[in-house]
Amino acid sequence: MVMMETEGNHTHLTNFILMGFTTDPLLRILFFVLFLVSYTLTLTGNLGLITLIYLDSRLHTPMYFFVGSLSFLDVWYSSVYTPRILYDCVSENHVISLAGCAAQFFFSAGLAYSECFLLAAMAYDRYVAICKPLLYNIAMPKKLCTQLVIGSYVAGFANAIVHAGNTFRLGFCGSNIINHYFCDVPPLVKMACKDTRVYEIILVAVIGCNVLATTALILGCYAGIVAAIIRIRSAAGWRKAFSTCSAHLLSVSLYYGSLLFMYSRPSSQHTPNGDKVNALFCTVINPLVNPFIYSLRNKDVKAAFKKVLGRFIAPK
């Protein structure tokens, strides 16, 4: 059912239909199983990493404080999308209200921007750890770490207010079918009642300024890290320095790579199916792989896991 409101010469939509990935009943069941497994692994991996960091005092360092904060953000981030995907896989009612669409869009943008700022804060943490190791605990006190995490959320959601407000002021007309699994920019822009040229300029400015600013900070930190590594003469020192920042560097590459590929292309290159696949990397895959990136090759996390596991299986 299409619900509309009349305003001037336009009849504005007040709800939408999310097409999802497929209309085939068997494929929808398959997608339900796949996304349920991925969501379970995402929650288990991220909440498990947060629990390990909380329980093991050896992980009470600035680095793991940021890792735990990233895991918390990824739990929230994946929960914006996956429960709705699971619902649409088993339900015949794919309607989402205008308010629901706006809320999903707002939290999606807020968390995406927040992750950009948080990854930049983590880059600064790695810079201090490698370039000023003797002053690390003094230069990165708990208060500063907390302020950087809170600041990431404040900056992220402040930008989300601009982003969402700029999008939903357009009003939406015509067909209410969104050929996507969530309310995203490309399908919504196609439904806009108003001219989108000013909107696109503001959108590029908001995304560009934030992504470029955080990218510049990350690149600046890694330039300092590379300069410090070059001065290290021992192979063991090189390996230690690389292991200190390799997980973060991989996480940044995956997140920024998928984000830039998804939104930096011209509108003429956007296709519904292509946009769905590209969006999966940011919304589902990154939150799934991040806890494994920070734990599989990390000796401290492995040791903490064995210690916590030993508490439960040790004979009483």
Side-chain angles (χ1 to χ4, degrees), residues 1-24 28 31 80-89 91-113 156-211 259-280 282-284:
M1 181 177 65
V2 180
M3 296 181 63
M4 301 181 177
E5 291 179 351
T6 301
E7 180 182 322
N9 295 327
H10 297 293
T11 302
H12 289 187
L13 299 169
T14 59
N15 64 20
F16 305 97
I17 297 174
L18 294 173
M19 290 283 289
F21 292 95
T22 181
T23 57
D24 186 294
R28 284 169 59 186
F31 279 125
V80 171
Y81 311 99
T82 312
R84 178 70 205 203
I85 295 173
L86 294 173
Y87 172 81
D88 286 335
C89 286
S91 173
E92 296 300 326
N93 179 17
H94 296 180
V95 174
I96 184 170
S97 66
L98 179 64
C101 185
Q104 186 186 59
F105 188 96
F106 171 74
F107 283 106
S108 172
L111 293 168
Y113 284 125
F157 280 92
N159 282 286
I161 292 172
V162 177
H163 193 157
N166 187 41
T167 300
F168 284 85
R169 71 172 178 79
L170 294 171
F172 307 103
C173 309
S175 171
N176 71 332
I177 296 175
I178 295 178
N179 191 2
H180 213 312
Y181 63 89
F182 72 102
C183 293
D184 197 16
V185 170
L188 289 174
V189 168
K190 292 178 181 178
M191 298 183 187
C193 298
K194 300 177 183 178
D195 181 68
T196 61
R197 284 174 294 183
V198 174
Y199 166 80
E200 290 176 1
I201 292 172
I202 297 174
L203 180 68
V204 170
V206 172
I207 294 177
C209 288
N210 285 279
V211 172
L259 197 67
L260 290 172
F261 185 78
M262 187 163 58
Y263 291 113
S264 64
R265 293 173 300 145
S267 57
S268 59
Q269 294 184 14
H270 285 274
T271 61
N273 290 334
D275 287 342
K276 293 175 192 178
V277 174
N278 295 332
L280 279 176
C282 272
T283 60
V284 176

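No hydrogens, no waters, no symmetry mates; every other heavy atom, side chains included, goes into these values.
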query = Phe182 and Phe105: aromatic ring centres closer than 6.0 Å?
reply = no

Rounding to 0.5 Å, atoms CG (Leu111) and OH (Tyr81) come to a distance of 7.0 Å

CE of Met191 to CG of Leu170, rounded to nearest 0.5 Å, is 12.0 Å

Separation between CD1 (Ile85) and CG (Leu18), nearest 0.5 Å, reads 10.0 Å

So CG of Asp88 and CD1 of Ile17: to nearest 0.5 Å the spacing works out to 11.0 Å

Separation between SG (Cys183) and CZ (Phe172), nearest 0.5 Å, reads 8.5 Å

Separation between CG (Asn176) and OG1 (Thr14), nearest 0.5 Å, reads 8.5 Å

Heavy atoms of Ser97 and Gly100 approach each other most closely as OG-N, 2.9 Å

For Tyr181 and Leu280 the tightest heavy-atom approach is OH-N, 3.3 Å

- Item | Student check: side-chain heavy atoms of Val162 and Tyr113 closer than 4.5 Å | no

For Met19 and Ile177 the tightest heavy-atom approach is CG-CG2, 3.3 Å

Smallest heavy-atom separation, Glu200 atom then Val189 atom, equals OE2-CG1, 4.1 Å

query: Is atom CZ of Arg197 surrounded by more than 12 heavy atoms (other residues, nucleotides or ligands) closer than 6.0 Å?
result: no

(request) State, with a plain yes or no, whether a side-chain heavy atom of Val185 is found less than 4.5 Å away from one of Tyr199. (result) yes

Counting distance only, does the side-chain N/O of Lys276 pair as donor-acceptor with the main-chain N or O of Gly20 below 3.5 Å?
yes

Closest non-hydrogen contact found for Phe31 with Cys89 is CB-SG, 4.0 Å

* Do Tyr87 and Arg84 have side chains that get closer than 4.5 Å, going by heavy atoms? -> yes

- Is there a side-chain contact between His163 and Asn159, using heavy atoms and a 4.5 Å cut-off? no

Closest heavy-atom pair, His180 versus Ala279, reported as atoms and distance to 0.1 Å, is CE1-CB, 3.9 Å

